[in-house]
Novice: 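The following block contains the structure, expressed as structure tokens.
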Amino acid sequence: MNLDIALSIVLIFSAACYLLLGVRLIVAKREVGSVPIGVLFVIISFWVMGGAVELMSESFLVFSIGRTGHFIGTALLPLAAFVCFREYTGATTPLRTIVLLLIVPTVSITLAATNPFHEFMWQLPAVSEDGQYLTRPDRWGPWFLFVHAPHSYALIGAAIFTLLVHSSAVAPAHRRGLFLLVAACVGPLIATSAYDLGFGSNVISFVSLVFAAMLPIYAWLIVGEGIVEFTPLAYETVFQNMQDPVIVIDEQQRIIGLNHCAETMLSVSEHEALRTPLNEIFKDGATVVFEALETHKPQKMMTTTGRFLHVQVSPIQSDRSSVRGGRVLMFRDVSDVEKAQSEVRKSEKLLRTLIDHSVNGVIRLRWVQDEDYGGKDLRCIFANAAAGRFLDCETDDLVDLTTSEIARRAMTGMDAHTQQSILEQLEESCEAGESVDLELMQSNGDALRWLRLICEPVGDDIAATLIDVTDSKAKERQMESIAWSDPLTGVLNRRGFERDAAQRLTDSADDATGALLFIDLNEFKDINDQYGHVVGDQLLTIAAQRLRKSLRSQDIIGRPGGDEFVALVPDVSAAVADKLAQRLAKALEAPYNIGTETMSCAASIGLALYPTNANTLTGLLREADQAMYRAKARTRGSEDLRHSDLLEKAI
């Protein structure tokens, strides 16, 4: 038996073993990494079998088949190793990436199978001077040199680099398997590099022999060491699956990592939070977090959902410049502990200490048996200093007062009917054990103060809280004024006018009289087009001022839009209404001096009387509008206009 036959038998046996081992791992699908490693062994079996075919070949056709098997291994093995090693360290390779990485190997295998026709993979001849087939050609082709080899070495390098770089992210118990895998790659990698660079025999594919020699080692790794009998557990997996939110920051207090719980707590994704300063992420809670960072002591903060979190800071012990000076923030939910502590704080002494320093008035009410008539009264048993200030008396004077007596002190700015209605609502809620939230107006001389009274049952007692909401009520009125007023002229807008005018008509007596004026500035559009919007806006403002001066303070003025105004004149006779309308027409007829320009902009006015013409706001607006258009039509094209011509009464 010559050497070639002996080596061929060894290679065929090794290829069969690799194939059986690979198929077994693929079929088992037991653990992470088993399928990629199985595919890896199947590819090696093709490579080794290709080497055996090359040794036994008697014809160029058989030799070409062996060469194709050889290149199946060299093309696909780096990709399989890359996917396998990434999965072993806890990372997955997307299918799209695998498909893209398969393009070069597929082309290489195709070119190797058809090389005699183009010599892109290696240069012919394929036979040495003594007639032996060359397993390594004298010269490589352009595709091999510039595409296939760089792609293969880049992939296998990336695969080994992935193992080494991510070794610190894998649990210590599994690092031995990682390092053994890396070591097992060294021999074949050195042999392949030597083969490609021209070292060694060019008639024997010694890389296949190296794989055959490595078979016992690989079998020992699979069977003896059981590197695929467990799931490699990366620290990143542990980090992401922790039940407590964890945030990692650098020395500049910017976020460089956070787990899923932290993303949920902050309502932000890790991608959005990376490199973002803490104060921008935590906003209202940043004070507590920075206090924990500065003092290195645990702090407590409350989330927007009402949960209490214990904040603890730990420094990162590492020589790596990227995390040097960094710290880890861990947030632990202590809401249950806080709830238990809250029960303890219900003791009377501790509560009084806390409540006495509150800016809100706090009163504790208790049902007390009345010995005179046998019923029960809800009386004050405790009041803090703020309650005394709000109710203009000493806190001791509030003790033993009934709920009604206390409430009356808080609503001195309300009429008797409203006070009685509020007292009845308060009494019903307290007797039913329900919470109640009321707003009371208190009069203190010329000053008015709004107090919010909140009563909530606490055990057998009732806790009453007084909150000064005067400022917020003022802001509400301001916002309401903005919503119902025309921002340019200061009069009511359409909605505001309809609301106030309709309410005024509703509140009027059955025999009440009045009028509604509908005003249209005749020349406004021409002035606005000629002089611009700035001048037009000033003209509208002046017209609104003339309306206020010409009408009474109790009259309701609005601007529905554009160059139109409306005015409700209540409680006047037809004669007085006509007089007011004539005065208004005369005022609006006067020239307008704006900047250096003097211009005229008379107004057509429609007058509707109620209840003569209509007794509803909609009807009055319709009648006055029609009258205004008749006045406008009558004066259209006329240059000699008097204010009496500009006024038209509803029919």
Side-chain angles (χ1 to χ4, degrees), residues 11-12 14-16 18-19 22-23 26 35-57 59-85 93 95-126 133-159 185 188-189 191-197 202 204-212:
L11 291 177
I12 292 172
S14 300
Y18 274 119
L19 182 62
V23 171
I26 294 173
V35 173
I37 290 180
V39 173
L40 193 66
F41 285 157
V42 170
I43 293 172
I44 293 175
S45 73
F46 277 94
W47 193 336
V48 175
M49 182 59 73
V53 172
E54 286 176 337
L55 283 174
M56 295 186 302
S57 60
S59 65
F60 182 74
L61 177 61
V62 175
F63 176 76
S64 298
I65 294 174
R67 292 295 292 164
T68 303
H70 171 92
F71 275 97
I72 288 175
T74 60
L76 297 180
L77 187 140
L79 176 56
F82 178 76
V83 175
C84 173
F85 294 170
T93 306
L95 179 61
R96 180 181 179 183
T97 302
I98 295 175
V99 172
L100 290 175
L101 293 176
L102 272 172
I103 294 175
V104 172
T106 303
V107 175
S108 296
I109 294 170
T110 303
L111 293 177
T114 59
N115 187 73
F117 301 103
H118 47 70
E119 301 184 16
F120 283 170
M121 290 297 289
W122 65 86
Q123 299 290 321
L124 298 176
Y133 289 110
L134 297 176
T135 58
R136 184 183 63 242
D138 293 333
R139 288 182 301 168
W140 293 108
W143 178 267
F144 180 91
L145 290 174
F146 301 113
V147 181
H148 173 78
H151 179 268
S152 298
Y153 282 109
L155 273 183
I156 197 68
C185 295
L189 181 60
T192 304
S193 301
Y195 172 84
D196 290 340
L197 294 174
N202 62 352
I204 297 177
S205 181
F206 58 84
V207 179
S208 299
L209 295 175
V210 171
F211 275 120

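This is a predicted model, so every value here is computed, not measured.
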Novice: With sequence neighbours left out, what residues match A159 under side chain to side chain contact (heavy atoms under 4.5 Å, CB included)?
Specialist: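 Residues passing side chain to side chain contact (heavy atoms under 4.5 Å, CB included) with A159: A81, F82, F85.
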
Novice: How far does CD1 of I72 sit from OG of S45, to the nearest 0.5 angstrom?
Specialist: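 If I round to the nearest 0.5 Å, the distance is 9.5 Å.
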
Novice: From the options L95, V99, L101, select the one residue that forms a side-chain contact (heavy atoms from CB on, under 4.5 Å) with T97.
Specialist: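 The passing option is L101.
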
Novice: What residues, two or more places apart in sequence or in another chain, satisfy side chain to side chain contact (heavy atoms under 4.5 Å, CB included) together with S64?
Specialist: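 Checked S64 against side chain to side chain contact (heavy atoms under 4.5 Å, CB included); matches are F60.
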
Novice: In sequence, state the C-alpha distance, the side-chain angles, and the governing distance for T192 and V210, and then conclude on side chain to side chain contact (heavy atoms under 4.5 Å, CB included).
Specialist: CA-CA 9 Å; T192 304; V210 171; over 6 Å; no

Novice: With sequence neighbours left out, what residues match F206 under ring pair (Phe, Tyr, Trp, His ring centres under 6.0 Å)?
Specialist: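 With sequence neighbours excluded, F206 shows a ring pair (Phe, Tyr, Trp, His ring centres under 6.0 Å) to Y195, given in chain and number order.
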
Novice: With sequence neighbours left out, what residues match I12 under side chain to side chain contact (heavy atoms under 4.5 Å, CB included)?
Specialist: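 Residues passing side chain to side chain contact (heavy atoms under 4.5 Å, CB included) with I12: M49, A52, M56.
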
Novice: Do W140 and Q123 have side chains that get closer than 4.5 Å, going by heavy atoms?
Specialist: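 No. Closest side-chain heavy atoms not under 4.5 Å.
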
Novice: For the CG atom of L40 and the CG atom of L79, what is their distance to the nearest 0.5 Å?
Specialist: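 With rounding to 0.5 Å, CG (L40) is 10.0 Å from CG (L79).
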
Novice: For I26 and V42, which heavy atoms make the closest approach, and how far apart are they?
Specialist: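 Answer, listing the atom of I26 first, then V42: CD1-CG2, 4.1 Å.
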
Novice: Please identify each residue that fulfils side chain to side chain donor-acceptor pair (under 3.5 Å) with T106, with sequence neighbours left out.
Specialist: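 T106 satisfies side chain to side chain donor-acceptor pair (under 3.5 Å) with no residue once adjacent residues are dropped.
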
Novice: Using the ring pair (Phe, Tyr, Trp, His ring centres under 6.0 Å) criterion, which residues pair with W143? Sequence neighbours excluded.
Specialist: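 W143 satisfies ring pair (Phe, Tyr, Trp, His ring centres under 6.0 Å) with no other residue.
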
Novice: Answer whether the closest heavy-atom distance between the side chains of L76 and V39 falls below 4.5 Å.
Specialist: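 Of all side-chain heavy-atom pairs linking V39 with L76, none is under 4.5 Å.
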
Novice: Looking at residues at least two apart in the chain, or sitting in another chain, which of them share a ring pair (Phe, Tyr, Trp, His ring centres under 6.0 Å) with F41?
Specialist: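 Counting only residues at least two positions away or on another chain, F41 forms a ring pair (Phe, Tyr, Trp, His ring centres under 6.0 Å) with Y18, Y218.
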
Novice: Return the minimal non-hydrogen interatomic distance between A212 and L11, and the atom names on each side.
Specialist: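 Where A212 meets L11 most closely, the heavy atoms are CB-CD2, 4.1 Å.
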
Novice: Can you list every pair that meets salt bridge (Lys or Arg N to Asp or Glu O under 4.0 Å) and has a residue in residues 63-72, with sequence neighbours left out?
Specialist: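 Every pair satisfying salt bridge (Lys or Arg N to Asp or Glu O under 4.0 Å) with a residue in residues 63-72: E54-R67.
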
Novice: Rounded to the nearest 0.5 Å, what's the gap from CD1 on I44 to OG on S14? Could you check?
Specialist: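 Answer rounded to 0.5 Å: 11.0 Å.
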
Novice: Hey, can you pull the donor-acceptor pairs under 3.5 Å for the side chains in residues 111-120, sequence neighbours left out?
Specialist:
from	atom 1	to	atom 2	distance (Å)
T114	OG1	T110	O	2.9
T114	OG1	H118	NE2	2.8
N115	OD1	F120	N	3.4
N115	OD1	M121	N	2.9
N115	OD1	W122	N	3.2
N115	ND2	W122	O	3.1
H118	ND1	F120	N	3.0
H118	NE2	L111	O	3.4
H118	NE2	T114	O	3.0

Novice: Hey, could you give me the OG1/CZ distance between T68 and F63, rounded to the nearest 0.5 Å?
Specialist: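 If I round to the nearest 0.5 Å, the distance is 10.0 Å.
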
Novice: Residues in side chain to side chain contact (heavy atoms under 4.5 Å, CB included) with S193, at least two apart?
Specialist: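 Checked S193 against side chain to side chain contact (heavy atoms under 4.5 Å, CB included); matches are Y153, L189.
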
Novice: Heavy atoms only: give me the nearest I109-A75 pair and the separation to one decimal.
Specialist: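 Result for this residue pair: CG1-CB, 3.9 Å.
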
